[in-house]
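Letters A, B, ... are given to chains in the order of the sequence lines, protein chains preceding strands, and every chain is numbered from 1. No hydrogens, no waters, no symmetry mates; every other heavy atom, side chains included, goes into these values.
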There are 2 protein chains.
Amino acid sequence: MLSKKTKYAFHALTYLGKNKDQGAILIQEISEFHNISHKFLENILLELKKAGFLGSKKGKGGGYYLIKEPKEIPLSRIIRLLDGPIALLPCVSLNYYEPCEECENQEQCGLNKVMIEVRDETLKILEMKTLQDILSNE
Amino acid sequence: MLSKKTKYAFHALTYLGKNKDQGAILIQEISEFHNISHKFLENILLELKKAGFLGSKKGKGGGYYLIKEPKEIPLSRIIRLLDGPIALLPCVSLNYYEPCEECENQEQCGLNKVMIEVRDETLKILEMKTLQDILSNE
DNA sequence: CATTTACTCTATATAATTTGTAGGTTTTAT
DNA sequence: ATAAAACCTACAAATTATATAGAGTAAATG
């Protein structure tokens with residue numbers, strides 16, 4: 001399951017995508033619309049900004065706005081940013097690789113091999129689906 | 001990512017699958033082979049037994065053994081049993097459905113719709129891959 | 001240029017979940 | 001009878017997720 005953080009990130013991105021023409025949008029507007037704690041959302045939006053998805057403006061009339069095309073934002077990137085690995089095991093993660101402590105020889109591990117296949121199939125979906133797909137369904 | 005519980009379950013099932021002919025196998029044998037805490041593994045094997053994957057024998061000469069064909073044990077069933085939902089959101093889970101608190105109208109939620117597609121694609125893989133696939137790779 | 005507004009940053013508190021442990025009970029073989 | 005090994009319940013420890021606090025910085029505006 002996605003963490004709330006990631007789920008909220010998707011809600012916020014969707015909101016910003018729907019209101020693209022309206023310039024900077026307040027954290028508060030999003031947090032009220034989706035019943036999300038203001039401060040919690042603040043942290044999330046900041047991460048999304050640092051990762052290059054959002055821009056922001058400080059001060060009066062400030063807020064956040066999308067700086068990428070929705071179709072250029074695959075689900076996989078958001079999930080990795082906020083939730084970490086997409087792979088089901090650390091030993092098959094492309095971006096967060098770690099060997100399994102209990103395994104002496106990953107080369108001979110059948111679980112490892114199968115999970116590589118699962119990862120690749122999962123990635124196909126999560127890289128293909130983008131914010132645009134979410135927007136198209138609203 | 002899978003919890004350790006689920007990962008250990010796969011290791012144990014694989015071990016039992018590889019040693020199918022040898023009758024009942026001790027928890028201790030598996031826990032030592034895979035460096036898993038004996039007591040923790042005990043709980044896991046018990047769950048697998050209650051769910052109908054394993055049989056057991058008490059007392060001297062006792063232990064656990066597979067009672068299903070490896071090809072009849074899809075990854076999805078083990079993951080669901082020990083980790084819960086496969087879906088990325090509660091509102092699209094087939095086995096553990098819950099509405100999202102922050103959503104007033106799930107019918108109009110684009111995230112919901114996209115995550116249903118992701119779930120269906122993910123399930124295709126996890127239902128197709130079985131313990132047999134893990135065994136074949138060792 | 002003072003004031004208000006709203007994002008930025010870091011640290012911390014709280015809650016929930018996962019992981020692991022303890023200790024006794026029941027069953028079985030010898 | 002005794003020892004071996006699964007069964008069961010409850011709890012403890014560790015980790016992670018969620019949420020909050022409060023001071024800092026930048027921008028707009030009158």
Side-chain angles (χ1 to χ4, degrees), chain A residues 1-9 11-12 16 22-32 34-51 53-67 79 81-85 88-90 96 98 100-102, chain B residues 1-9 11-12 16 22-32 34-51 53-67 79 81-85 88-90 96 98 100-102:
Chain A
M1 298 265 278
L2 298 180
S3 66
K4 289 193 177 182
K5 217 168 161 182
T6 302
K7 185 167 62 165
Y8 294 163
H11 282 315
L16 293 174
Q22 308 193 17
I25 287 175
L26 293 181
I27 295 174
Q28 189 163 358
E29 186 177 335
I30 305 172
S31 77
E32 280 175 3
H34 281 294
N35 298 313
I36 303 170
S37 143
H38 179 108
K39 277 294 200 178
F40 194 39
L41 184 58
E42 204 173 272
N43 293 330
I44 295 166
L45 293 176
L46 203 51
E47 280 198 75
L48 289 169
K49 185 200 167 182
K50 286 180 181 167
F53 299 104
L54 302 182
S56 67
K57 242 181 87 178
K58 284 185 179 179
K60 206 167 188 173
Y64 282 97
Y65 46 90
L66 261 187
I67 57 174
I79 294 175
L81 178 67
L82 296 161
D83 259 4
L88 293 182
L89 295 178
Y96 298 85
E98 275 181 53
C100 287
E101 300 157 6
E102 79 278 11
Chain B
M1 297 265 279
L2 298 179
S3 67
K4 289 194 177 183
K5 216 167 161 183
T6 302
K7 185 167 62 164
Y8 294 164
H11 282 316
L16 293 174
Q22 308 193 18
I25 289 175
L26 292 183
I27 295 175
Q28 189 163 357
E29 186 177 335
I30 305 173
S31 77
E32 280 175 4
H34 281 293
N35 299 314
I36 304 170
S37 142
H38 179 108
K39 278 295 200 176
F40 195 36
L41 185 58
E42 200 174 278
N43 292 330
I44 296 167
L45 293 177
L46 202 50
E47 279 198 74
L48 289 169
K49 184 200 167 182
K50 285 181 181 167
F53 298 105
L54 303 181
S56 66
K57 240 180 88 180
K58 282 188 180 177
K60 206 166 189 175
Y64 282 97
Y65 46 90
L66 263 187
I67 57 175
I79 294 175
L81 177 67
L82 296 160
D83 260 1
L88 293 182
L89 295 178
Y96 298 85
E98 275 181 53
C100 287
E101 299 158 7
E102 79 279 11

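- For A/Lys58 and C/dA6, the NZ to C1' distance is 9 Å, given to the nearest whole Å.
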- [ ] Could you walk me through whether B/His34 and B/Lys7 pass the side-chain contact (heavy atoms from CB on, under 4.5 Å) test, one step at a time?
- [x] CA-CA 11 Å; B/His34 281 293; B/Lys7 185 167 62 164; over 6 Å; no

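- The side chain of B/Lys4 contributes no N or O atom lying less than 4.0 Å from OP1 or OP2 of C/dT18.
- Nucleotide C/dT14 holds its P atom 17 Å from the CZ atom of A/Phe40, rounded to whole Å.
- In this entry the distance linking CD1 of A/Ile25 with P of C/dC7 reads 11 Å, nearest Å.
- Within the 4.5 Å cutoff, the side chain of A/Leu88 has heavy atoms near those of the B/Ile79 side chain.
- Across all strands, B/Ile27 comes closer than 4.0 Å only to sugar-phosphate atoms, never to a base (heavy-atom distances).
- When the nucleotides C/dT8, C/dC9, C/dT26 are ranked by their closest atom to the side chain of A/Lys50, C/dC9 comes out on top.
- Note: CG (B/Asp83) to P (C/dT18) measures 7 Å, nearest angstrom.
- Between B/Lys60 and A/His38, the residue anchored nearer the 5' end of DNA chain D, judged by the nucleotide with its closest heavy atom, is B/Lys60.
- Shortest non-hydrogen contact noted between A/Tyr64 and A/Glu42 is OH-O, 4.5 Å.
- From the 5' end on, the contacts that DNA chain D makes with chain A at under 4.0 Å to a non-hydrogen atom open and close at D/dT18 to D/dA28.
- For the OP1/OP2 pair of C/dT19 and a distance below 4.0 Å, the side-chain nitrogens and oxygens of B/Ser37 include no atom meeting the criterion.
- Spacing between atom CD of A/Glu47 and atom P of C/dT10 amounts to 12 Å, rounded to whole angstrom units.
- Within the 4.5 Å cutoff, no side-chain heavy atoms of B/Gln22 are placed close to those of B/Tyr65.
- Protein atom CG of A/Leu41 is 10 Å distant from nucleotide atom P of C/dC7, rounded to whole Å.
- Taking all atoms of both residues into account, the shortest heavy-atom contact from B/Gly55 to B/Ile67 is N-CG2, 3.5 Å.
- Remark: B/Leu89 CG to A/Met1 CE distance equals 7.0 Å, nearest 0.5 Å.
- In this structure, A/Lys57 places its NZ atom 12 Å from P of C/dA6, rounding to the nearest Å.
- Considering only heavy atoms from C-beta on, A/Leu82 comes within 4.5 Å of A/Glu47 through its side chain.
- Between B/Lys39 and the phosphate of C/dT19, there is no side-chain N or O to OP1/OP2 separation shorter than 4.0 Å.
- Nearest nucleotide to the side chain of A/Ser56, out of C/dA29, C/dT21, C/dT8: C/dT8.
- Separating the CD atom of B/Glu42 from the P atom of C/dT25 is a distance of 15 Å, rounded to the nearest angstrom.
- Residues A/Lys49 and B/Tyr8 each lie close to DNA chain C; by heavy-atom proximity, the contact nearer the 5' end of the strand is made by A/Lys49.
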